[in-house]
Amino acid sequence: MSAVEVDLVVIGTGPGGEALATGAAKAGLEVVAVDKHLVGGECPYYGCIPTKMMVRGSDAIAEVRRMPQVAGEATATPAWSVVHRRIDEDATTHWDDTIAVDRLKAAGAIVHHGVGRLAGPRQVAVETADGETVTYTARRGVVVNPGTRPAVPPVDGLADTPYWTNRDAVRLAELPGSLVVVGGGPIGCEMAQVFARFGVRVTVVQHGPRLVPANEPEAAALLQQVFESEGIRVLTGVELTQASYADGQFALTLDSDDGGYALTADKVLVAAGRTPNLDDLGLETVGLDPTACTLETDERLRVQDGLWAIGDVTGKGAFTHVSMYQSAVALRDITGEEGAPARYHAVPHATFTDPEIGGVGMTEQQARDAGLTVRTGFTRLEESSRGFTHGPGGHGLIKVVEDADRGVLVGATAMGPAGGEILGFLAVAVHAEVPVETLRTMIYAYPTFHRAIESALADLG
Ligand SMILES: Cc1cc2nc3c(=O)[nH]c(=O)nc-3n(C[C@H](O)[C@H](O)[C@H](O)COP(=O)(O)OP(=O)(O)OC[C@H]3O[C@@H](n4cnc5c(N)ncnc54)[C@H](O)[C@@H]3O)c2cc1C
Ligand SMILES: NC(=O)c1ccc[n+]([C@@H]2O[C@H](COP(=O)([O-])OP(=O)(O)OC[C@H]3O[C@@H](n4cnc5c(N)ncnc54)[C@H](O)[C@@H]3O)[C@@H](O)[C@H]2O)c1
């Protein structure tokens with residue numbers, strides 16, 4: 001069958017792909033959008049949105065438990081059914097993307113539920129849900145936004161067990177008695193704290209030396225301290241070597257420098273990183289390596305003539321806001337609109353544990369590895385007036401990383417209540433390369449959490 005000619009084909013509609021397809025269709029292009037699962041991708045159905053509803057519930061429980069220290073008696077009786085209902089009905093409409101599909105069609109795009117694969121330059125073969133194959137030729141080109149799937153560590157026996165990933169965890173109607181979380185990154189840590197606050201006995205198994213390793217070590221240490229104070233068992237520097245499942249129980253074997261551990265649990269959640277969905281995308285038909293971990297893109301998100309990539313597979317930060325940012329840059333390139341190229345010197349991120357960890361730009365180590373002349377400033381939130389008055393739940397820190405030669409911040413961390421919000425200030429400073437001298441001479445409202453930034457800047461040395 002001959003190929004159907006259109007302007008643009010978007011393979012994978014994560015947050016960025018959906019936005020790009022919508023924008024291109026609204027700009028008058030003939031657009032085909034293909035997704036093998038749900039339009040909108042991981043974020044609205046299995047990632048950011050459902051997990052932040054989980055976090056909202058667990059934060060409310062924690063605040064009630066802090067009541068006796070600040071305002072008198074209160075009792076929290078956690079009920080997971082409330083969280084489950086919000087996710088099932090309000091967030092995901094029972095994991096149904098009809099609203100998103102209709103929105104995209106209303107913008108003017110043709111939408112396929114099916115697998116899209118490159119079939120040569122500007123060629124895409126779509127295997128639709130009913131088994132048909134439609135081939136498109138894209139005059140302007142193809143955008144790939146295929147995202148990632150959970151990585152499963154090569155642990156003896158694990159693949160034969162009914163382990164969970166984030167996709168199972170967000171759909172839970174009932175909680176287990178005990179849970180081992182494999183992986184202490186953002187997914188593992190957010191979920192570990194949520195489930196623990198809802199009464200699950202949680203152990204986090206992290207094979208590196210610390211939790212949330214993409215963040216500053218001071219933030220990781222504080223998070224571990226908070227987790228342990230809430231009864232979460234944290235095992236760092238351990239290697240999961242064997243897993244089995246029988247009679248409703250998981251049995252895990254772990255190795256470490258201090259010897260071995262044997263763990264049992266009702267359930268195991270694997271949150272040990274992500275695998276890019278690049279292996280079944282037909283990359284070899286356009287001369288690219290299908291086993292690559294990322295697709296190399298230029299500052300307009302071009303991979304090659306007529307091919308753009310956006311989202312997690314570009315390796316510029318696996319976050320919804322990066323996918324959306326890239327989507328806007330790529331769309332401008334496709335429609336021929338002027339605009340700023342993509343820059344990644346101030347990528348912000350927030351891990352929604354309590355305390356939240358907000359980070360932007362480089363960590364101290366990354367700045368040193370980049371050969372910069374580094375000065376750091378540090379303060380604990382508890383030492384600020386706001387941290388002191390806040391009392392329980394007020395743990396946190398601010399750390400700033402300065403390129404001393406240029407006198408600008410190249411990275412910063414804001415950890416604490418609303419750490420991700422305080423980050424906004426620091427993100428502007430890093431993004432706009434505001435001179436540290438300017439930051440030092442402004443007025444910080446008293447007594448706010450963000451006023452602690454002034455103390456961290458004073459500590460630069
Ligand atoms: C549990 C969890 C929590 C998270 N929390 C946050 C958070 O709080 N904040 C944040 O910024 N980020 C968060 N993230 C990350 C965020 O979800 C992703 O960065 C975001 O979804 C952007 O991904 P993407 O655009 O690359 O594509 P994805 O969202 O992964 O979507 C890719 C889409 O492509 C489709 N697809 C793949 N291959 C094909 C193919 N061959 N043909 C057709 N369709 C295909 C898939 O079905 C999918 O719909 C979280 C992730 C997880 C897992
Ligand atoms: N709040 C947010 O913005 C947010 C929340 C969740 C996820 N995300 C995004 O999704 C991405 C994926 O999250 P993630 O937490 O799965 O991945 P990750 O790669 O960030 O963290 C995985 C962790 O698992 C550990 N690990 C790997 N193999 C292991 C093993 N065999 N045993 C024990 N530990 C092991 C790693 O050391 C690492 O710390 C993140 O990098 C982030 O970009 C963002």
Side-chain angles (χ1 to χ4, degrees), residues 10-20 33-52 54-55 97 100 112-118 124-127 144-155 158 165-167 169-170 180-191 204-215 220 235-241 252 254 269-282 309-314 317-324 326-327 347-353 356-359 420:
V10 180
I11 304 179
T13 54
E18 182 187 2
L20 191 148
V34 192
D35 203 294
K36 63 181 178 184
H37 190 36
L38 297 170
V39 169
E42 202 74 3
C43 171
Y45 298 101
Y46 305 104
C48 329
I49 298 298
T51 59
K52 266 73 262 181
M54 292 160 68
V55 165
D97 65 352
H112 285 297
H113 273 133
V115 181
R117 293 185 188 91
L118 291 161
V124 175
V126 179
E127 195 183 316
V144 293
N145 174 225
T148 63
R149 58 185 184 270
V152 182
V155 171
L158 184 62
T165 69
N166 64 294
R167 292 205 164 190
V170 301
V180 168
V181 178
V182 179
I187 296 181
C189 286
E190 289 179 359
M191 293 220 186
V204 180
V205 169
Q206 164 67 339
H207 74 169
R210 57 176 198 255
L211 297 176
V212 288
N215 292 274
L235 302 174
T236 53
V238 290
E239 201 62 49
L240 178 59
T241 55
L252 304 178
L254 289 89
L269 169 64
V270 174
R274 312 282 299 178
T275 300
N277 291 323
L278 294 175
D279 41 354
D280 186 27
L281 204 58
I310 59 173
D312 295 0
V313 297
T314 61
F319 305 107
T320 290
H321 42 273
V322 171
S323 182
M324 298 295 288
Q326 295 177 326
S327 156
V347 174
H349 47 90
T351 301
F352 295 88
T353 46
E356 281 178 16
I357 310 170

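Indexing begins at 1, ligand by ligand and atom by atom, following the structure's order. Every value quoted in this text rests on a predicted model; they were computed, and no experiment measured them.
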Check your understanding: At a non-hydrogen distance cut-off of under 4.0 Å, which region of P213 contacts ligand 2 (side chain, backbone, both, or neither)?
Key ->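 Answer for P213: side chain.
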
Provide the number and element of each atom of ligand 1 under 4.0 Å from a heavy atom of [X].
X    : result
L38  : 49 (O)
G114 : 42 (N), 43 (C)
V34  : 43 (C), 44 (N)
T51  : 1 (C), 3 (C)
V115 : 41 (N), 42 (N)

What protein heavy atom is closest to [atom], reported as residue, atom name and distance in Å?
atom                    : result
atom 1 (C) of ligand 1  : Y46 O, 3.6 Å
atom 51 (C) of ligand 1 : G47 CA, 4.1 Å
atom 24 (P) of ligand 1 : N145 ND2, 3.5 Å

Exercise for review: Consider every N or O of V238 and every N or O of ligand 2, then say whether any pair is closer than 3.5 Å.
Suggested key: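 Among all N and O atoms of V238, none is under 3.5 Å from an N or O of ligand 2.
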
Check your understanding: How about N166 and T51: do any of their side-chain heavy atoms sit closer than 4.5 Å?
Key ->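 No, too far: nothing below the 4.5 Å cut-off.
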
Check your understanding: Distance-only, no hydrogens or angles: does the N145 side chain make a donor-acceptor pair with backbone N or O of I310 under 3.5 Å?
Key ->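 The answer is yes, because a donor-acceptor pair under 3.5 Å joins these two groups.
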
Exercise for review: Using distance alone, determine whether D35 and ligand 1 share an N or O pair under 3.5 Å.
Suggested key: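 Right, the criterion is met.
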
